[in-house]
> 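The structure that follows is given in the form of structure tokens.
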Amino acid sequence: MAHDSIQLPCGGDGACMRCKVTPPAEETLTCSTCATPWHVACLASKPETLASTLQWHCPDCSGDALLSAAAAVDGSSSELFAAIKAIEADESLTEKEKAKKRQELLGGKVEEDGGNGNEEKSSVLDVLDGSLNCSFCMQLPDRPVTTPCGHNFCLKCFQKWIGQGKRTCAKCRATIPPKMASQPRINSTLVSVIRMAKLSKSNAAAGPLKVYHFIHNQDRPDKAFTTERAQKAGKANAASGKIFVTVPPDHFGPITAENDPARNQGVLVGECWEDRLECRQWGAHLPHVAGIAGQSNYGAQSVALSGGYEDDEDHGEWFLYTGSGGRDLSGNKRTNKEQSFDQKFEKMNEALRVSCKKGYPVRVVRSHKEKRSSYAPEKGVRYDGVYRIEKCWRNVGIQGFKVCRYLFVRCDNEPAPWTSDEHGDRPRPLPTIPELKKAVDIFERKESPSWDFDEEGSQWKWKRAPPPSKKPANGADLEEGKRTGKGIRKARNTKERLLKEFGCLICRQVMNLPVTTPCAHNFCKSCLEAAFAGKTSIRERNNGGRALRTQKNVLNCPSCPTDISDFLQHLQVNRELMDVIESLKQKSNENEEPAEEPSEEHMNGSEGNTDFSCDGETGTKNENADHSPLPDCEPERSSKRSKVDTSQVAAE
DNA sequence: TCGACGCATGGT
DNA sequence: ACCATGCGTCGA
């Protein structure tokens, strides 16, 4: 049948231009390069079971590039899936260990636990080719969604199916719940599985996989804290806690490893946080209530998609965003979704327009509260990379009042969390926006964008200098002066930052004899000891004079639920951290009037309620010959400190 | 499960 | 002083 040399796609009316029939959705394939739909039956070479690619390229785009099919292996994909989920859920593993385990799994070195005959040494992709395939397009699902009955489909295939009024699973005919039909969510675990499989296939010899997804609490040095007055209401009234990254609040673009002294990895696409407060701590989106971060005369740095405005429309790689305002929030209301007046391009809405005009990269976070978007995370808040605002306008919104509208298009060098692509975005044509016909105040960028795709380097980068920061960095950024050209001007700020960065979580003062728990929380040694005064980690249980057994007493870290009883037995001062604090204190004292509070640190240092062995060490802080490794110090943290130390030396 | 309510913070 | 796409509790 379809062996003519001429192959044709479907036309604008959806009908195949070759056989003139309008194929049902499950019989069309969409080219991942040009997005043109094709009638599967009329393709000369059908991708029956594509082993090594998730993406189908049509004959026009690929030439003969259809890859050879590989034999599908039935069965164990669900086992693999379960195994990976088990690894991700294992809280006893660090991210590195998890990455290693996943890689072992993908490399075929599966540790046998089920005892079944595991004779097939098939590659992961072969395995994935089995039951995970989308039943519509017969490929590994692109933006996979999973029905409650456990079947996986491409988001787009699934939506087409639903759009035809179908409400049963295409594979098993089980009923699809209305919520799944109207609000399908991308299965992020499956995305990682597929992406990891692709990576392990395409680059089997590469180093450890980058972990894009899910950071866990043990990786977080500090939590948001609550004021004493507000403690009853828990996190509802939490103060936002320490900022871990060293970028200024008005920093544009991705947050890179250089600005992440805590982990030295930067904020990765796909990173998740429990809530807006934690998201703020990593600098992805600073306001903990507002959806737009920006300044009207300067630009907007980031936005949150949280489902607060019903006019928003999310298509993943691009979305339509609604400005803020237009609501009556008087009387301390926060839940008023009723618009009562028109939005204007002012304040944050104007900041977004500036970013549009300049072509700045705008960080985007999506919240689980956005219920209508398939691209929103199921839980918490997720960083999805940078987008550019290509145009903006005003239009009458759903509620009948004018709203500001923004077209965001993704332009990040990392792939989005919902794709299995190995590379980031490429410049793409703008989508057609029907509502533009009725729009007013349409604004488009005239000048060349500051953040643009560099064809030579094949990546997005600053083509013009990013705007100079007008604010000091939040974290203990000792290099900000070089970065921003402004930086540390007043020594008073240094002291303030010192306090903010190196504050004890108990006394909220700059730490004196700092200790770092295995869960990476920092306290004064004396504060931590005082917190557990009178409590021992070993409880003798006597019964009638007869020792029965000793039982371990669980002693929780003051900042998190981790049991630190073992750590408390051998409390060691974190000397490297102490050195940094000491030298910072010295520096801030040198830079300002020394008369102010000259004896401050001596007073702190001589509280003297505990042992003095550490004071002795203070004097030897510059010679590390006897430096004994701190068992509870993660390598990242010590590298942070040595980095800080180096720059400190360089600055002096 | 969802809306109302009330208290928070931080940035403009 | 005002504004903001939050958060937890309570009750229907």
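This is a predicted model, so every value here is computed, not measured. Protein chains get the first letters and strands the later ones, always in sequence-line order, with residue 1 at the start of each. Heavy atoms only: backbone and side chains are in, while hydrogens, waters and symmetry mates are out.
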> Rounded to whole Å, how long is the line connecting atom CG of A:Asn349 with atom P of C:dA4?
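After rounding, the reported distance stands at 9 Å.
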> Quick one: side chain to side chain donor-acceptor pair (under 3.5 Å) partners of A:Glu317, sequence neighbours excluded?
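Side chain to side chain donor-acceptor pair (under 3.5 Å) list for A:Glu317, sorted by chain: A:Arg143, A:Trp418.
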> Specify the separation, in whole Å, of atom CD of A:Gln339 and atom C1' of C:dC3.
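For the pair A:Gln339 CD and C:dC3 C1', the rounded distance is 15 Å.
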> Take atom CZ of A:Arg327 and atom P of C:dG6, then tell me their distance rounded to the nearest Å.
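Whole-Å distance recorded here is 10 Å.
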> Look at the side chain of A:Lys471 and decide which nucleotide, out of C:dG6, B:dT12, B:dG10, has an atom nearest to it.
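Among the listed nucleotides, the one closest to the side chain of A:Lys471 is B:dT12.
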> A:Phe252 and A:Tyr298: aromatic ring centres closer than 6.0 Å?
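Centroid separation for A:Phe252 and A:Tyr298: below 6.0 Å.
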> If you look at every strand shown and take non-hydrogen atoms under 4.0 Å, does A:Gln295 touch a base, only sugar-phosphate, or nothing?
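Counting heavy atoms under 4.0 Å across all strands, the contact made by A:Gln295 is with sugar-phosphate only.
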> So, do A:Phe443 and A:Phe345 have ring centers that fall under 6.0 Å from each other?
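Not under 6.0 Å, so no.
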> Can you work out whether A:Asp275 or A:Gly326 has the more 5'-proximal nearest nucleotide on DNA chain C?
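Counting from the 5' end, the first nearest nucleotide belongs to A:Gly326.
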> Students often mix this up, so state it plainly: with edges at 30° and 60°, are the rings of A:Trp451 and A:Trp462 parallel, tilted or perpendicular?
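Ring orientation of A:Trp451 relative to A:Trp462: perpendicular.
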> Counting only heavy atoms from other residues, nucleotides and ligands, does the tally under 6.0 Å from CD of A:Glu310 exceed 12?
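More than 12 heavy atoms, drawn from other residues, nucleotides or ligands, come within 6.0 Å of this atom.
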> Would you mind classifying the nucleic acid contact of A:Ile292 as base, sugar-phosphate or nothing, using non-hydrogen atoms under 4.0 angstrom?
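A:Ile292: no heavy atom of the nucleic acid under 4.0 Å.
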> Where each residue is assigned the nucleotide of DNA chain B containing its nearest heavy atom, which of A:Lys179 and A:Ser296 is assigned the position nearer the 5′ end?
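Its nucleotide being nearer the 5' end, the pick is A:Lys179.
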> For A:Leu286 and B:dT12, give me the distance from atom CG to atom C1', rounded to whole Å.
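One finds 14 Å between C1' of B:dT12 and CG of A:Leu286, rounded.
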> Rounded to whole angstrom units, what separation is found between the CG atom of A:Asp250 and the C1' atom of B:dG11?
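Going from A:Asp250 (CG) to B:dG11 (C1'), I get 12 Å.
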> Do the rings of A:His315 and A:Trp318 sit parallel, tilted or perpendicular, given the 30° and 60° boundaries?
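Taking A:Trp318 first and then A:His315, their aromatic rings lie parallel (interplane angle under 30°).
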> Measuring to OP1 and OP2 of C:dG8, would you say a side-chain N or O of A:Arg276 lies under 4.0 angstrom away?
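False: A:Arg276 side-chain N/O out of range (4.0 Å or more) of C:dG8 OP1/OP2.
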> Distance check needed: C:dC3 C1' versus A:Lys344 NZ, whole Å only.
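About 16 Å, once rounded to whole Å.
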> If you check every side-chain atom of A:Met348, which of B:dA8, B:dT12, C:dC7 has the closest atom?
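Among B:dA8, B:dT12, C:dC7, the one nearest the side chain of A:Met348 is B:dT12.
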> What is the distance, to the nearest angstrom, from the NE2 atom on A:His368 to the P atom on C:dC7?
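Between P of C:dC7 and NE2 of A:His368: 6 Å.
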> Evaluate whether atom NZ of A:Lys371 has more than 12 neighbouring non-hydrogen atoms of other residues, nucleotides or ligands under 6.0 angstrom away.
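Result for NZ/A:Lys371: enclosed.
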> Could you state the CD-C1' distance from A:Gln281 to B:dT9, rounded to the nearest angstrom?
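One finds 13 Å between C1' of B:dT9 and CD of A:Gln281, rounded.
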> Where does DNA chain B pair, written as one dot-bracket string 5' to 3', with Watson-Crick or G-U pairs under 3.5 Å, ( ) inside the strand, [ ] for crossing pairs and | for another strand?
|||||||.||||
> Is the shortest side-chain N/O distance from A:Lys347 to OP1 or OP2 of C:dA4 below 4.0 Å?
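No, because none of the side-chain N or O atoms of A:Lys347 sits under 4.0 Å from OP1 or OP2 of C:dA4.
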> Indicate, with a heavy-atom threshold strictly under 4.0 Å, whether A:Tyr321 touches base, sugar-phosphate, or nothing.
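Since a base atom lies under 4.0 Å of A:Tyr321, the category is base.
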